[in-house]
Number of protein chains: 2
Amino acid sequence: MTRGTDTGNRDTVQTTRTMLETVEVIKRLEGATVTEVAAELGYAKSTVYRHLSTLSDLGYVVKTDNEYRVGLRFLELGQHARTRQAGYDLTTKKVEEIAERTGERAQFIVREHGDAVYIHRAFGDDAVRTDPGIGSRIPLHATAAGKAILANLDEDELFDVLEQTDFEGFTDHTITDREELLDELAEIRERGYSFNREENLKGLHAVGVPILGDGGVVIGALSVSGPSHRLRGDRFHEDLPNLLLGTANELELNITHT
Amino acid sequence: MTRGTDTGNRDTVQTTRTMLETVEVIKRLEGATVTEVAAELGYAKSTVYRHLSTLSDLGYVVKTDNEYRVGLRFLELGQHARTRQAGYDLTTKKVEEIAERTGERAQFIVREHGDAVYIHRAFGDDAVRTDPGIGSRIPLHATAAGKAILANLDEDELFDVLEQTDFEGFTDHTITDREELLDELAEIRERGYSFNREENLKGLHAVGVPILGDGGVVIGALSVSGPSHRLRGDRFHEDLPNLLLGTANELELNITHT
DNA sequence: AATATCGTTCGATCATATAGAACGTGGATG
DNA sequence: CATCCACGTTCTATATGATCGAACGATATT
């Protein structure tokens, strides 16, 4: 996972930073009291209190007894951001379709600020039901969908993104070298789809295809993932790629024609 | 729709208020530039610029060219708030089931700060597909689900909520009188389910049931809605209520036993 | 080429976010 | 039942930093 600008407190509104830190803490702790947040962040109790009161007043945080929790007003903003992604409506159905046809897990993912973000997800009958949901951020360089997106960025953008990438290693198979990644991205661009062979999670394979909009701009990517013992051989290397490519094609026709 | 504290700038972090105003503006305008936001809010350009830069730095806002948009990091917070609602998983399936069985639109709604908020929604084959999505806020006093929730609050909480309610009238049928509402809530409590007869939208009917958790605390409400010409007679007054009551019962058994 | 328009940077000011102490309250402990 | 924490909340002084307006630079427009 990467961050916007790690050290960057150049010229920014400090209070906003503090406020969002506060929200992130009550998210991480799944609800917290004033003192807990103050301890976690090293701020004075009164400061945290004022922040949480304000957020509660504005409806962005919910207070029950003395515990504060992330409020649903963030969902309003989040859904707004989600639904305004290109191809949002069309991809919903396609993801469900792929999940049903394959029995595995399918997802639609877009890029934002160096990360890949889940927009849709569906489970087939055999799908592994664990793990991250809508809105979660996963690394671009260690996922099938992520690599499919990277492979279709123009050079400038790609280099910008790679600049921010820390090439964190998740398993022995994660690509942790910039050059190696560039080589694989070239392959993917040519081939039209990408693989993830236990690069993010031990035992998990995936296939990904990019979804391109007008002018070949990459909108996001579709992927199917499942246990490595089921995703192998022809199914992994041919059937699933073909299914995804077909779906991507249908989608692209519909998206550009609206 | 109601607000936390309309005039309230008592003792709150002003900057947070400004920051959230900024985000709400770029949401409402579906993306906006620095000058547009500054004009909309009456702040100096430089101020808005600093705010948007900060938010962009932190990944909460996305900048393309000179336009800022609400970022997907809000979705991360929003989904967190959404999924941690009691019975989140269970209600997903039930809502889909109801939509399929009735052919209409079904939803699961919870209360937060004087408003009802959509948590799940599903469309049956005949469903009216217009209107608000997940995360949207609707009035408690003018919807079936909202009234089902109100009817099951304890007095203190109910009065707190009614305090904030402005009894906005949406159609000729909206209940705009506090006493009238209290009477109807008493009926609903006794009967176990609620109706919405074009109280929120002309031509739209709905039936709602509360979902109660441990100790009879109301968690949220399920409702089915559709055009008034289809939701009438026995179907409206008996079949749908029975279906909903049955589902609510199942849910309540599963929620309390975990 | 000239001009307007916008994003961005800069500097001074004044508002206000912050910390810390003080107050009030509920729950635990003896 | 009395005492004592521990916590949320209010208050106040101070210094930080958010704000504005002006100036700069880039870009598009005519």
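Sequence lines set the chain letters: A, B, ... in the order given, protein chains first and strands last, and positions in each chain run from 1.
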Check the distance between dG17(D)'s C1' and Y49(B)'s OH and give it to me in whole angstrom. 17 Å

List for me each residue that meets side chain to side chain donor-acceptor pair (under 3.5 Å) alongside K94(A), sequence neighbours excluded, and say none if there are none. E250(A)

Atom-to-atom span, CG of N66(B) to C1' of dA26(D) - whole angstrom: 10 Å

Residues in salt bridge (Lys or Arg N to Asp or Glu O under 4.0 Å) contact with R28(B), at least two apart in sequence or another chain: E40(B)

In whole Å, what is the span from the CE atom of M19(A) to the P atom of dA18(D)? 14 Å

With E184(B) via salt bridge (Lys or Arg N to Asp or Glu O under 4.0 Å) - residues at least two apart: K147(B)

Looking at residues at least two apart in the chain, or sitting in another chain, which of them share a side chain to side chain donor-acceptor pair (under 3.5 Å) with T92(A)? H120(A)

For E30(B), all residues meeting salt bridge (Lys or Arg N to Asp or Glu O under 4.0 Å), sequence neighbours excluded: none

Should the pair E112(A)-R137(A) be classified as a salt bridge under the 4.0 Å nitrogen-to-oxygen rule? yes

For K63(B) and dC6(C), what is the distance between atoms NZ and C1' respectively, to the nearest whole Å? 11 Å

Based on the rotation axes of five pairs at each end, what angle does the helix from dA1(C)-dT30(D) to dG30(C)-dC1(D) bend through, to 10°? 40°

For R191(A), side chain to side chain donor-acceptor pair (under 3.5 Å) partners two or more places apart: E187(A)

How many whole angstroms separate atom CD of E36(B) from atom P of dC6(C)? 9 Å

I'd like to compare against my own output: the B/S/- annotation of nucleotides 17-27 of chain C with a strict under-4.0 Å heavy-atom distance to protein. SBBB-------

With sequence neighbours left out, write down each residue that passes side chain to side chain donor-acceptor pair (under 3.5 Å) with E21(B), or none if nothing qualifies. Y43(B)

